[in-house]
Amino acid sequence: MPDPITRVRIAPSPTGPLHIGTARTALFNYLHARHVGGTFILRLEDTDVTRSTLEFEKDILDGLHWLGLAWDEGPEVAGEPARGPHAPYRQMERLPTYAAAAQRLLADGLAYPCYCTPEELDADRKAQEAARQPPRYVGRCAKLTPEERLAREAEGRRGALRFRVGEGLVAFDDIVRGHVEFDVSNLGGDFVIVRADGNPLYHFTVVVDDAAMEVTDVIRGEDHLSNTPKHILLFRALGYDVPRFAHLPLILNPDRTKMSKRKSQTAIDAYINEGFIPEALVNYLALLGWSTGTEEEVLSLDEIVERFDIGEVHKGGAVFDRERLEWLNGQWIRRLSADDLIDRLRPFIGKELDAGLIEQMPSDEELRALLPVIQERLPTLGAIGDLAGFLWVADVDPDPAVLVPKRWDAPTTIEGLGAARATIATVGDVVFEADELEPPLRALAEARGWKAGDLFMAIRVAVTGRTATPPLFDTLVALGRDRTLARLDRAIAVLAGS
RNA sequence: GCCGCAUUCGUCUAGAGGCCCAGGACACCGCCCUCUCAAGGCGGAGAUCACCGGUUCGAAUCCGGUAUGCGGUACCA
């Protein structure tokens with residue numbers, strides 16, 4: 001049943017690169033919006049001007065686009081104007097809206113200017129701590145008379161705006177957590193909603209904007225659960241409808257603390273650069289804190305949208321398990337079409353080239369021929385260099401120590417490689433195919449009383465420089481007859497000279 | 001400290017009173033396949049369902065308490 005009324009939003013702060021937790025919150029908002037046929041909004045919360053940058057904004061927008069989480073309203077391109085009926089969608093461009101709301105609260109006596117200095121507030125806090133009291137604003141400026149305020153303003157002091165918290169209980173029914181209640185007296189006293197410099201603070205802007213943008217469902221991280229009563233109080237004071245809330249379980253470090261840059265890789269960028277693909281990341285993130293209730297695990301974004309139900313989201317935090325992400329990435333890489341995989345591999349091969357790890361770019365045809373043997377061997381796109389880089393360099397220089405198979409000695413290896421070279425040389429260019437190479441080399445091993453595996457391993461190391469590679473005969477074909485022979489010669493020389 | 005939230009295999013989870021001496025997946029181990037590495041197939045090990053009480057003929061599932069963990073407690077978001 002499509003619900004055109006539902007409106008949700010992701011509201012990142014451009015104070016850092018796109019974080020995995022933000023991506024997950026964005027995903028769950030997207031899933032819910034798409035599942036019920038609602039609207040998904042992107043709003044930038046850039047009121048922390050000292051830490052917000054255009055560069056981070058770009059990183060966040062690019063990352064969300066990369067994940068495929070298209071939004072219906074909000075800025076499409078970093079730095080560019082937003083589209084949507086409630087534009088602008090950057091908070092620093094919405095200052096007049098907050099000023100008007102603040103003015104209303106002030107006029108209604110629901111907020112008041114506070115002239116306390118940081119030193120005073122600090123002293124209060126220390127005293128409370130010493131008395132083993134919970135920290136809270138003492139209310140020094142709550143009852144200032146108009147004359148007293150004027151006097152302070154005359155001294156040139158600029159007040160911050162504090163919201164009167166009042167007393168009583170605030171309760172709400174969280175979609176994932178159920179009924180939650182807070183006693184207002186535990187909120188820490190009247191809190192600041194506008195800084196002395198005139199810039200509004202998060203708790204205030206989030207409420208003003210969610211109301212202005214007609215957000216019906218606030219889906220966000222559990223770290224905001226304790227802030228929710230403050231928001232509800234503000235919604236009420238401003239005469240707005242209170243939206244529904246859904247607080248998502250946190251993504252955790254292995255030690256079960258909130259996932260952090262310090263202990264985990266949190267930047268989506270880093271995963272992109274390693275060669276994780278969006279299908280896998282989306283699939284993995286959706287399964288952190290939610291499941292279909294069936295045994296289905298590998299699901300596309302559209303399949304997840306179909307099955308998603310915000311009410312089935314878990315309450316407990318979930319440790320980020322990179323191994324499982326890698327497994328899913330492999331699953332999704334294996335499902336890619338040849339053309340698609342080639343396109344996605346190109347930038348990663350390019351990076352190998354730029355880094356000087358390889359010397360030439362393979363052609364599409366060359367890559368396509370390789371796909372059957374590399375596709376199932378790629379845990380990430382970034383693994384391509386390790387897997388096949390030896391194909392795109394002029395020469396490899398195998399370590400003599402690894403060139404000699406475990407059961408062989410150096411002279412046997414020289415003999416084996418020499419014999420293999422002669423055998424391979426008899427296979428002409430026209431018929432240089434895996435099926436043409438394997439039988440004669442097996443026959444050679446048998447005739448000499450060698451284990452085929454030993455002979456093959458010696459050849460493998462000689463032509464690739466490594467012990468783990470795609471299947472040998474496909475590798476030789478990819479290398480081509482001339483380079484295969486040249487590398488065998490070189491390996492023999494290396495062994496003979498060592 | 002205060003307030004809030006949470007707690008099923010190492011990890012992600014299934015489970016909404018009997019179908020559960022708890023199922024699946026990742027990781028791990030073994031076997032098969034096999035020229036290496038993967039992938040794939042098969043199998044194994046792994047959870048007294050945090051603990052203690054209660055309700056009930058019967059509890060992972062309901063209730064109470066305890067413990068532990070986490071989150072919040074800013075003129076950060």
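Naming convention: chains lettered A, B, ... in sequence-line order (proteins, then strands); numbering from 1 in each chain.
Within 4.0 Å (heavy atoms only), A:Glu181 reaches sugar-phosphate atoms of the nucleic acid but no base atom. Note on A:Pro471: a base of the nucleic acid sits closer than 4.0 angstrom, heavy atoms only. Using a 4.0 Å heavy-atom criterion, one finds that A:Tyr202 contacts the bases of the nucleic acid, with or without backbone contacts as well. Nucleic acid contact class of A:Thr15 (heavy atoms, under 4.0 Å, all strands): none. Contacts of A:His314 with the nucleic acid, taken as non-hydrogen atoms under 4.0 Å apart, involve only primed sugar atoms and P, OP1 or OP2. Contact annotation for A:Ala452: no contact, since no heavy-atom pair falls under 4.0 Å across all strands. Across all strands, A:Leu287 comes closer than 4.0 Å only to sugar-phosphate atoms, never to a base (heavy-atom distances). Within the nucleic acid shown, A:Ser291 comes within 4.0 Å of sugar-phosphate atoms alone, with no base atom in reach, counting heavy atoms only. Using a 4.0 Å heavy-atom criterion, one finds that A:Arg132 contacts the sugar-phosphate atoms exclusively.
For A:Asp223 and B:rA6, the CG to P distance is 15 Å, given to the nearest whole Å.
Nucleotide B:rC3 has B:rG71 as its partner under the Watson-Crick or G-U criteria, with both atom distances under 3.5 Å.
Expressed to the nearest 0.5 Å, how far CZ of A:Arg136 lies from CZ of A:Phe191 amounts to 12.5 Å.
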Any protein N or O atoms within reach of nucleotides 25-34 of chain B? Criterion: under 3.5 Å, listing atom names and distances.
| unit_1 | atom_1 | unit_2 | atom_2 | d |
| --- | --- | --- | --- | --- |
| B:rA25 | O4' | A:Glu297 | OE2 | 2.5 |
| B:rA25 | O2' | A:Arg324 | NH1 | 3.0 |
| B:rA25 | N3 | A:Arg324 | NH1 | 3.3 |
| B:rC26 | OP1 | A:Trp327 | NE1 | 3.4 |
| B:rC26 | O2' | A:Arg324 | N | 3.3 |

